[in-house]
Amino acid sequence: METLVNNPLADRPDDFGRYLTALPGWRAFVAAFLDKPMVMLSQAEYDALVKVAEADALVKEEKNTYDEDRLDHHARLQVVATSTVRHTVACGLRLIILNRGAVSARRGLIVSGPANTGKTIALTQLGLAHELQDRRRHPGQDERIPVVYITVPPAATPRMIAAEFARFLGLPVLRRSNITDLTEAVVDVCTKARTGLILVDEIHNISLHTRTGAEASDTLKYFSERIPATFAYAGIDIEAGGLLSGTRGDQIAARFTPVATHPFPYNAEWKSLVAQMEANLLLHQHKRGTLSRLDRFLHTRTGGMIGSLSHQLRGAAVDAILTGTEKITKVGLLAVDLDIASRRKRPGSPDTDASP
């Protein structure tokens, strides 16, 4: 990357590298996927560690580090390959291949649905799949930037859109930098770095009903014409918003393939999601199958929202480590406060205030 641009992100705090909207953060996200999974101690080893830690300060620190690593594991979003994720990745990779020979009018992807239904997960998993595929095809070429990920700011202007691209790439965004300067710099870097996929999240922040929104949409279209890459958007209920209205909206609708996200019904896939998330737990006293027996309760409580389910289980796992219970029970699940949306009673759904 350093051979392409002067990257000011290298001098920023390490926390900045956690953001997907900056290249260091995106690369850390990919690296985390490639890391070997944490290996749990056996029950006998853990019991011995706890016992010795009571009298030995060094061993106590070792136990604290081990527990902290498990907390970090549960704090990270454990991605489950839902049907929506698989469909998004398959459609996206297909479009990337089909667009290789396109000179103009490249086709893209729009992931749309209610909030908390896994749109960002699906979008980033598509990016991860393409990044890994590109690395296999071009090993050792660290100067490549296969994926760019940005989010659309509220009330975005054309310059704000260009600035988001520049910030991801580590390009300086100065007050005197006009949109032409930023656009040309972004196009130059993406072309040289062989960017093949551009992910644009929170696309619902653009409304074609306003002049500013229309101009921001035109800016994205201009980038798609200048950068030989596939564009994938994600946003809340896009078809019900203003992004696909009017002449500009017709152009987007004609070039983009839709992928819908939705709350999961209580069915075999939901049961599988719960089982897969339970398999990712790193708790010493938790009995496998406990959550599978509570899968209907979990569906009622979360409304079938994958985001709420993930928060529910990871939150209960964190509590189990902090309290020392080392297991998740129904009482522990009820102790985790969920989002407001999951508490709302949906038509035809049972009450969510289930008791232990």
Side-chain angles (χ1 to χ4, degrees), residues 1-30 106 108 110-111 119-120 123-124 127 131 143-236 238 241-243 248 252:
M1 175 62 189
E2 289 73 18
T3 60
L4 293 174
V5 295
N6 178 23
N7 189 353
L9 301 184
D11 299 325
R12 299 194 182 186
D14 289 340
D15 281 352
F16 194 79
R18 297 181 181 181
Y19 296 101
L20 293 182
T21 50
L23 184 57
W26 177 263
R27 286 181 169 167
F29 165 71
V30 176
R106 297 177 188 85
I110 291 182
V111 183
K119 296 178 298 299
T120 296
L123 195 70
T124 53
E131 177 101 14
E143 74 280 2
R144 296 178 69 91
I145 307 176
V147 178
V148 169
Y149 176 84
I150 71 164
T151 59
V152 177
T157 64
R159 187 182 183 280
M160 290 167 68
I161 294 289
E164 289 298 314
F165 277 93
R167 290 192 183 97
F168 179 92
L169 297 169
L171 294 165
V173 180
L174 308 175
R175 287 188 178 182
R176 65 176 181 272
S177 302
N178 58 43
I179 185 172
T180 301
D181 296 333
L182 293 173
T183 300
E184 291 303 315
V186 167
V187 169
D188 181 59
V189 172
C190 286
T191 302
K192 291 178 179 178
R194 301 294 190 270
T195 301
L197 178 64
I198 293 180
L199 307 175
V200 183
D201 210 345
E202 306 292 327
I203 195 69
H204 56 265
N205 284 331
I206 294 179
S207 172
L208 300 186
H209 296 312
T210 67
R211 178 179 176 181
T212 302
E215 291 173 348
S217 176
D218 288 345
T219 300
L220 281 175
K221 184 174 182 295
Y222 182 72
F223 274 123
S224 71
E225 292 170 347
R226 293 286 308 279
I227 302 172
T230 298
F231 278 62
Y233 299 161
I236 298 173
I238 292 174
L243 186 66
R248 288 183 175 90
I252 296 173

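Put simply, the side chain of S177 never gets that close to the backbone of V173: no donor and acceptor are under 3.5 Å apart. With hydrogens and angles disregarded, no donor-acceptor distance shorter than 3.5 Å links the side chain of T195 to the backbone of T191. Panel note: side chain T210, backbone S207; a donor-acceptor pair is recorded below 3.5 Å. Under a 3.5 Å cut-off, the side chain of R248 and the backbone N or O of D218 do not form any donor-acceptor pair.
Residue A232 comes nearest to L197 through the heavy atom pair CB-CD1, 4.4 Å, listed as atom of the first residue, atom of the second, then distance. Summarising the geometry of G213 relative to L208, their closest heavy-atom pair is O-CD2, 4.0 Å, with the distance given to 0.1 Å. Across all non-hydrogen atoms, the minimal contact from P158 to T219 is CB-OG1, 3.1 Å. Taking every heavy atom of both residues into account, L182 and A162 meet most closely at CB-CB, 3.9 Å. Minimum heavy-atom separation, T212 to A155: CG2-O, 4.4 Å. In terms of heavy atoms, P154 sits closest to M160 at O-CE, 3.9 Å.
Checked against D201 for a side-chain hydrogen bond (donor to acceptor under 3.5 Å, both in side chains), the options T21, T120, T151 give a single hit: T120. Each of L220, V111, I236, L123 was evaluated against I203; a single residue qualifies, L220, per the side chain to side chain contact (heavy atoms under 4.5 Å, CB included) test.
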Quiz item: Where do F168 and Y149 land on the ring pair (Phe, Tyr, Trp, His ring centres under 6.0 Å) test, with the steps shown first?
Solution: CA-CA 7 Å; F168 179 92; Y149 176 84; 7.6 Å; no
Practice problem: Step by step, work out the side-chain contact (heavy atoms from CB on, under 4.5 Å) result for V186 and L171. | Solution: CA-CA 8 Å; V186 167; L171 294 165; 4.1 Å; yes
Practice problem: Give the intermediate values and the outcome of salt bridge (Lys or Arg N to Asp or Glu O under 4.0 Å) for residues R194 and E143. | Solution: CA-CA 9 Å; R194 301 294 190 270; E143 74 280 2; over 6 Å; no
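Between F29 and W26, the ring-plane angle classifies as tilted under the 30° and 60° cut-offs.
Note that CZ of R226 and NZ of K221 are 13.0 Å apart. Values are rounded to the nearest 0.5 Å. Taken to the nearest 0.5 Å, the CD atom of E131 stands 9.5 Å off from the CD1 atom of I145. A distance of 8.0 Å separates OG1 of T230 from CZ of R106, quoted to the nearest 0.5 Å. From I179, atom CD1 reaches atom CD of E215 across 8.5 Å, with rounding to the nearest 0.5 Å. A distance of 10.0 Å separates CG of N178 from CD of E184, quoted to the nearest 0.5 Å.
Every side-chain contact (heavy atoms from CB on, under 4.5 Å) that A156 has, sequence neighbours left out, goes to V152, P153, I161.
Between I198 and S224, every side-chain heavy-atom pair lies at or beyond the 4.5 Å cut-off. Side-chain contact between L199 and V148: absent, with no pair of heavy atoms (C-beta onward) separated by less than 4.5 Å.
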